Amino acid sequence: MHLFFFREAWRSFNAHRGIALTAIFSMTAALTLCGVFLLVSHNAQTALQAMGDRREMVVYLKDEAGDAAVKALRDKIAQYYGSSTFVSRAQAWSEFEQQVGDPELLQAVGTNPLPASLRVKLRPELQNFAAMDTCARQIESFPEVEGVRFGAEWVRRLDTLYATAKRAAIAIGGVVALALVLVVYNTLRLSVLARRHQVEVMCRLGAGDHFVAMPFVIEAVAQTLVSALLALGLMFALQQALAPRLQGLAFLPAPWSVAFVAGAALLAWLASALMLTRILRTVGP
Amino acid sequence: MIAFEHVTKRYGGRLALDDVSWRMDEGECVVVLGHSAAGKTTLLRLVTHETQPTSGSVVVGTFRGGRLSRGHRALLRRTLGIVYEDFRLLGDRSAFENVALAVRISGRFADSEVVPRTLHALEEVGLQDKRFSLPSELSFGERQRCAIARAIVNRPAVLLADEPTGALESRSAGEVLALLLRIHREGAALIVGTTRPEVADALGGRRLVLEEGRLREAARDDAHLPPGAPAWAREPRRPGAEGA
């Protein structure tokens with residue numbers, strides 16, 4: 001019986017190639033648009049993650065803090081906030097020397113004014129502005145700590161940028177999903193109307209909605225699968241063309257690509273299964 | 001098996017059937033006779049639930065009318081075999097595929113049974129040699145025989161035929177009527193809608209005469225017909241009856 005439905009779907013595709021190809025073309029356009037945005041989102045996310053990985057908190061220590069106190073502080077930080085690296089006054093000066101590079105300027109500074117510090121790499125769940133701000137205030141209250149710095153403004157901007165990108169991704173994803181559903185709906189309507197006589201005859205012979213609808217559903221899912229694969233191909237071509245100019249531009253990882261194709265097919269299946277009964281009601285006797 | 005109780009059907013302002021009541025039992029043959037637009041097709045469409053009565057009720061087997069759901073309507077139609085005047089064959093598939101479609105729709109048979117059942121039905125109507133032909137490659141008579149094969153392939157308890165000979169010349173019409181009669185004699189109830197008294201003659205059975213949407217059961221004897229009854233409603237005299 002299943003083979004029969006697939007044969008019916010293939011027969012319909014062959015009989016109404018114009019409608020099928022128009023649907024594939026429309027869906028490929030909508031899915032390519034969605035895919036390009038997905039590609040941009042993926043690369044933006046990767047870039048933001050790389051920047052996020054560099055988020056660190058610098059905890060400046062008081063000069064009088066002894067080794068035991070520093071060790072106790074590092075243990076506390078490790079327990080509640082994340083891993084830390086100790087930077088002694090000498091190391092801090094050495095780094096400063098490398099950054100400034102001008103011996104005359106360094107001579108003008110005279111003695112090393114830099115305090116020892118801890119560079120704290122916060123846990124992933126604490127890498128946002130609100131959490132970092134709270135952590136900074138808590139750590140600042142420890143007696144061994146002179147002050148805490150984490151580039152609050154930069155972190156806040158990064159978070160805003162990330163949230164905006166996420167919202168835009170959801171909005172564009174929603175618009176494209178709606179476009180896809182509309183294309184599937186109109187294609188199904190055209191297909192059913194083009195085969196109105198067949199649907200009527202089947203209904204008169206006692207075919208239930210499931211029997212009549214199944215070939216249409218298979219056809220819609222198959223068209224969407226082809227469209228999604230074509231869209232993926234177009235996106236790959238675009239990425240290959242732009243990669244030499246935009247350094248680091250990567251294609252979607254395999255799980256994303258699979259999810260893109262499967263998501264489109266699932267959407268088409270849901271849309272066609274839900275809407276066909278409604279469409280058939282307008283045609284069948 | 002089939003019962004109409006005070007059924008009235010209106011299409012907008014036009015009255016198609018007016019307070020029609022009748023019933024038929026298993027294995028019976030009923031010929032619904034009437035002029036064009038008398039309401040024959042409406043009556044048959046009410047049996048198949050392709051349309052709903054404006055008032056009254058239609059009972060077919062265990063299906064009591066009113067508004068059946070789409071699922072129940074489909075189930076009901078699977079218990080009937082229907083032959084249309086315009087055949088209603090699918091033009092893009094062969095005679096075999098047209099008949100096999102009905103077997104698949106019935107959902108009662110395994111895939112392995114579809115081919116033998118279909119071939120048997122085509123053999124019954126004498127179309128086994130034309131099984132690969134498209135409807136457009138068949139004569140009108142052959143198309144109607146194909147439609148009959150499709151109607152009988154699931155061995156329905158009731159066979160409905162709406163003007164089964166309407167589009168056929170006399171020889172093909174005779175073949176089709178003989179076929180319907182044979183199927184009826186094998187046990188299927190038969191309801192035939194027709195404008196032609198000769199069809200009713202050929203099939204015998206009970207006559208229901210429809211006139212302007214009103215039904216009356218025709219008596220076998222012309223004397224019982226009301227004065228002024230149309231000629232086509234009168235029972236033709238059988239050969240030899242005059243001498244008796």
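Since this is a predicted model, take the numbers as computed values, not measurements. Basis for what follows: all heavy atoms, side chains included, without hydrogens, waters or symmetry-related copies.
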Using heavy-atom distances under 4.5 Å, tell me whether Leu89(B) contacts chain A through its side chain, its backbone, both, or neither.
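Leu89(B) touches chain A through backbone heavy atoms alone.
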Relative to chain A, which segment of Arg150(B) carries a heavy atom at a distance below 4.5 Å: side chain, backbone, both, or neither?
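Looking at Arg150(B), just its side chain touches chain A.
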Among Gly71(B), Ala74(B), Gly81(B), which has the most heavy-atom pairs under 4.5 Å with chain A?
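Heavy-atom pairs under 4.5 Å are most numerous for Ala74(B).
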Quick one: which of Asp92(B), Ile82(B), Asn154(B), Val114(B) has the most heavy-atom pairs under 4.5 Å with chain A, could you say?
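Of Asp92(B), Ile82(B), Asn154(B), Val114(B), Asp92(B) has the most heavy-atom pairs under 4.5 Å with chain A.
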Donor-acceptor contact below 3.5 Å, side chain Gln128(B) vs main chain Ala121(B)
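Not a single qualifying donor-acceptor pair exists.
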Sub-3.5 Å donor-acceptor pair from the side chain of Gln198(A) to the main-chain atoms of Leu90(B), do we have one?
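No, Gln198(A) side chain to Leu90(B) backbone: no donor-acceptor pair under 3.5 Å.
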After noting the C-alpha distance and the side-chain angles of Arg93(B) and Glu8(A), does the key distance pass the salt bridge (Lys or Arg N to Asp or Glu O under 4.0 Å) rule?
CA-CA 11 Å; Arg93(B) 55 195 83 196; Glu8(A) 284 293 305; 2.8 Å; yes
Under 4.5 Å from a heavy atom of chain B, the part of Arg195(A) involved
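For Arg195(A), no heavy atom lies under 4.5 Å from chain B.
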Going by the salt bridge (charged side-chain N to carboxylate O under 4.0 Å, His left out) test, name the single residue among Arg45(B), Arg88(B), Lys9(B), Arg73(B) that passes it with Glu50(B).
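One option only clears the test, and that one is Arg45(B).
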Decide if atom CZ of Arg11(A) counts as having more than 12 heavy atoms of other residues, nucleotides or ligands within a radius under 6.0 Å.
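Yes - once you tally the heavy atoms of other residues, nucleotides and ligands closer than 6.0 Å, there are more than 12.
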